[in-house]
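Structure first, commentary second.
In this text the structure is predicted, and so the values were computed from the model without any measurement. All values below were derived from every heavy atom in this structure, side-chain atoms included, with hydrogens, water molecules and symmetry-related copies excluded.
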Amino acid sequence: MTTQIRWPDPYVTGPLRAVVEASPLVFGLTNYITAGLNANMVLAVGGSPAIGGNPAAVEPLATAASGVWINLAAMVTDTPELLLTAARTAHDAGTRWVLDPVTVGAGIPVSDDLAAGLITTVPPTAVRGNASEVIALAGGTATSRGVDATATPEDAVPYAKDLARRTGAVIAISGPTDYVTDGSEVIAVPGGHRWLTKVTGAGCSLGALVATFLAPGTDPLRATVAAHAALAVAAERAVEHARGTGTFAAAVLDELTVLAEGS
Amino acid sequence: MTTQIRWPDPYVTGPLRAVVEASPLVFGLTNYITAGLNANMVLAVGGSPAIGGNPAAVEPLATAASGVWINLAAMVTDTPELLLTAARTAHDAGTRWVLDPVTVGAGIPVSDDLAAGLITTVPPTAVRGNASEVIALAGGTATSRGVDATATPEDAVPYAKDLARRTGAVIAISGPTDYVTDGSEVIAVPGGHRWLTKVTGAGCSLGALVATFLAPGTDPLRATVAAHAALAVAAERAVEHARGTGTFAAAVLDELTVLAEGS
Amino acid sequence: MTTQIRWPDPYVTGPLRAVVEASPLVFGLTNYITAGLNANMVLAVGGSPAIGGNPAAVEPLATAASGVWINLAAMVTDTPELLLTAARTAHDAGTRWVLDPVTVGAGIPVSDDLAAGLITTVPPTAVRGNASEVIALAGGTATSRGVDATATPEDAVPYAKDLARRTGAVIAISGPTDYVTDGSEVIAVPGGHRWLTKVTGAGCSLGALVATFLAPGTDPLRATVAAHAALAVAAERAVEHARGTGTFAAAVLDELTVLAEGS
């Protein structure tokens, strides 16, 4: 059974208020293409971001933070070992962490292996990816069975439920409608706007936002749904202030600011 | 003889329509200062960008992509060997690739040597740079003969024609008026706006846009001209929606979105 | 005694005019989260930025530049040795350079050690940081004495004066009101807007702007004050054109463009 939730359902507005009150430190490893937008998204909803893979800083920051996100595209600048160190530090410190399995299933063996290792040894609190990434991560051999980039979020739901049950993580699938599951409940988050796929890093920002919404200690399913619902409503409202993808990107940050400052 | 072409000449609108229809994967190695803007430019015209120098991903991505661009300022994070691997992979796979010779002739020997090696061993489909870079790349000893950053695009045209004849590449020179040549024809693209030089990475984005316009298989001279004409007209229209360089950068992306969605 | 200075006091407008006239090359080492914004800020006030840690380019660029800034968060991609090389090159060439001691005092020993070494061996022309960073840098053992992130700029002024006297550098403290001192005079710069703390890299951009204002040879105290006053007034005006932090970031660049083009 799938429940549908939209902003401003109290189920999702409460977690944003918790972020604004806590102003949590959120640490991320991501890539340089999207790091600026990711940081600005975290700031807009009231979090305090730190990003980046200085080996000497990863352990202190992953320890000090209340939430951590690891985007596998961080391998543009960081080694697999460093990503593993960050995840392990978060895991061992009891800090909630989010895996964004970018490129898993896309034919880059080092990504696939790292993701599988992380899931098994230091399971994340939540995973968020697109349909193909979630299917590949859940299926193990999904790639070789021909899963392609045209998989829909709906196709990925059974894989997500299975993966959630096996790992204990909340799994979120991004798409025209997002789906979030803890293995039993499935919550659908409609909304957003197609221009979100035309702004580099907007999808990756969901990983950062989920870590931010998890940071104050909110129930993981609820926090993950709230992060998706906040970005979805911000995008819907942003399009009214945008002429194209440039002003749209700025307007999404604006609408998140408005949500946070009004919460 | 120089022909002048402006948007919306069908010679340049056709290649944009081809990008929108193909939505090609375009892979780039560039630097972290401009990567976000470059990716957003590619997205705005309908391409699908992947950027970055994870050694394990460069070969799969340069193989899978329909267009590749290599900006020598990528050496901020990547080794010369990695750039060479990307170029060689594209070349050997028959994938069209674009060289953006940033800093060539500026007194950084490793850049000059790499550019010379690339041109000789794995010749690009197109080169785009400013006047000084094109003169330095074409002239070999141009730098030591005192070419400075005040060279005009018009000064660079004979060097560009010579370089095009020797390498088989289309050569584009950016400036107040851009010039593009295949060694026999020279096409001038007027337009643009001086604020393009005040937005970091706007010039570098031309390398990404040329790779995107080449990706669907359009004639290289026409594709290169079209990329320059699209950015020129977007900049001219953007300035009407801008108060300074911040809103201008967003508005350029907006106008590219409008061009692509209307094509 | 503290003097208060605001835009458009001639004490601060003159240095901007000098930047616009000189269009100086300004070289920075910073991190990939903020590099794009930093470069766009330098461009907006009329400077010509180069950023990044290609080892082969650091010496030529730090030599060729008229101003250099080094942000310790550059250690996300660069080694401490590279930062030291850049600072030493600037110092030995007589090029004015700015230290931005990001993360000093935050429990990352490599940052603290590097900052202490730079201050002692190749003293910068100016330092700009927040209150905690300046106190940590000045106090040596400040961190272990419990300095926390809630220190106010006013708390940091005595530390800044002491640090200025010992090093000969101008010290700037960013906050709701900024303070700049050469060890005897203290100048307060009111203004700005709280959203500056919600745009990633806006604080780091002050390091870049100080290097830019120092580049034409302006008196260091005056140049440092002018950089702070320009950003403060730009932020105050930007908020009138902004709905949230996304449009605010663009509007700050716009207002700097307007200041520079009107100067």
Side-chain angles (χ1 to χ4, degrees), chain A residues 20 23 25 28-61 63-64 74 76-78 82 199 201 208 234 237-238 240-242 246-262, chain C residues 30-40 51-53 71-80 83 102-114 143 149-150 193-205 238-239 241-254:
Chain A
V20 170
S23 190
L25 177 64
L29 291 179
T30 186
N31 62 82
Y32 56 72
I33 302 108
T34 66
L37 181 66
N38 292 180
N40 282 329
M41 291 261 190
V42 172
L43 285 163
V45 298
S48 179
I51 293 180
N54 174 355
V58 159
E59 287 195 59
L61 284 169
T63 304
V76 166
T77 49
D78 302 319
L82 194 76
V199 174
R237 294 178 184 176
E240 293 166 30
H241 299 273
T247 45
F248 177 72
V252 169
L253 289 169
D254 282 0
E255 296 304 324
L256 289 174
T257 309
V258 169
L259 290 181
E261 299 202 343
Chain C
T30 185
N31 62 82
Y32 56 70
I33 302 107
T34 67
L37 182 66
N38 292 180
N40 282 329
I51 293 180
N71 181 314
L72 294 190
M75 281 193 289
V76 166
T77 49
D78 301 320
T79 60
L83 274 61
V102 172
T103 75
V104 166
I108 302 171
V110 67
S111 287
D112 296 357
D113 294 349
L114 178 60
T143 306
T150 61
H193 188 271
R194 72 192 161 78
W195 279 348
L196 280 177
T197 66
K198 297 283 194 177
V199 174
T200 195
C204 294
S205 291
V239 81
H241 298 273
R243 177 172 163 79
T245 57
T247 46
F248 177 72
V252 169
L253 288 169
D254 282 0

Any idea which heavy atoms bring C/Tyr32 and A/Thr30 closest together, and the distance?
OH-O, 3.7 Å
So, using side chain to side chain contact (heavy atoms under 4.5 Å, CB included) as the criterion, who are the partners of C/Asp254 when residues are at least two apart?
B/Arg243, B/Thr247
Nearest heavy-atom approach of A/Ala56 to C/Ile108 is O-CG2, 4.1 Å
C/Val76 to A/Gly53 - nearest heavy-atom pair and separation:
CG1-N, 3.8 Å
Report the C-alpha separation of C/Lys198 and A/Glu261 in whole Å, then their side-chain angles, then the decisive distance to 0.1 Å, and conclude whether the salt bridge (Lys or Arg N to Asp or Glu O under 4.0 Å) test is met.
CA-CA 12 Å; C/Lys198 297 283 194 177; A/Glu261 299 202 343; 6.0 Å; no
Step by step, work out the side-chain contact (heavy atoms from CB on, under 4.5 Å) result for A/Thr257 and C/Phe248.
CA-CA 11 Å; A/Thr257 309; C/Phe248 177 72; over 6 Å; no
Would a 4.5 Å heavy-atom cut-off, applied to side chains only, mark C/Thr245 and A/Asn40 as touching?
no
Residues in ring pair (Phe, Tyr, Trp, His ring centres under 6.0 Å) with C/His241, at least two apart?
none
Part of C/Thr197 lying under 4.5 Å from any heavy atom of chain A:
backbone
Separation of A/Asn54 CG from C/Asn31 CG (nearest 0.5 Å)
10.5 Å
Measuring from A/Leu37:CG to C/Ile33:CD1, what's the distance to the nearest 0.5 Å?
13.0 Å
Choice from A/Ala250, A/Pro55, A/Gly46, A/Pro49 maximising heavy atom contacts with chain C below 4.5 Å
A/Ala250
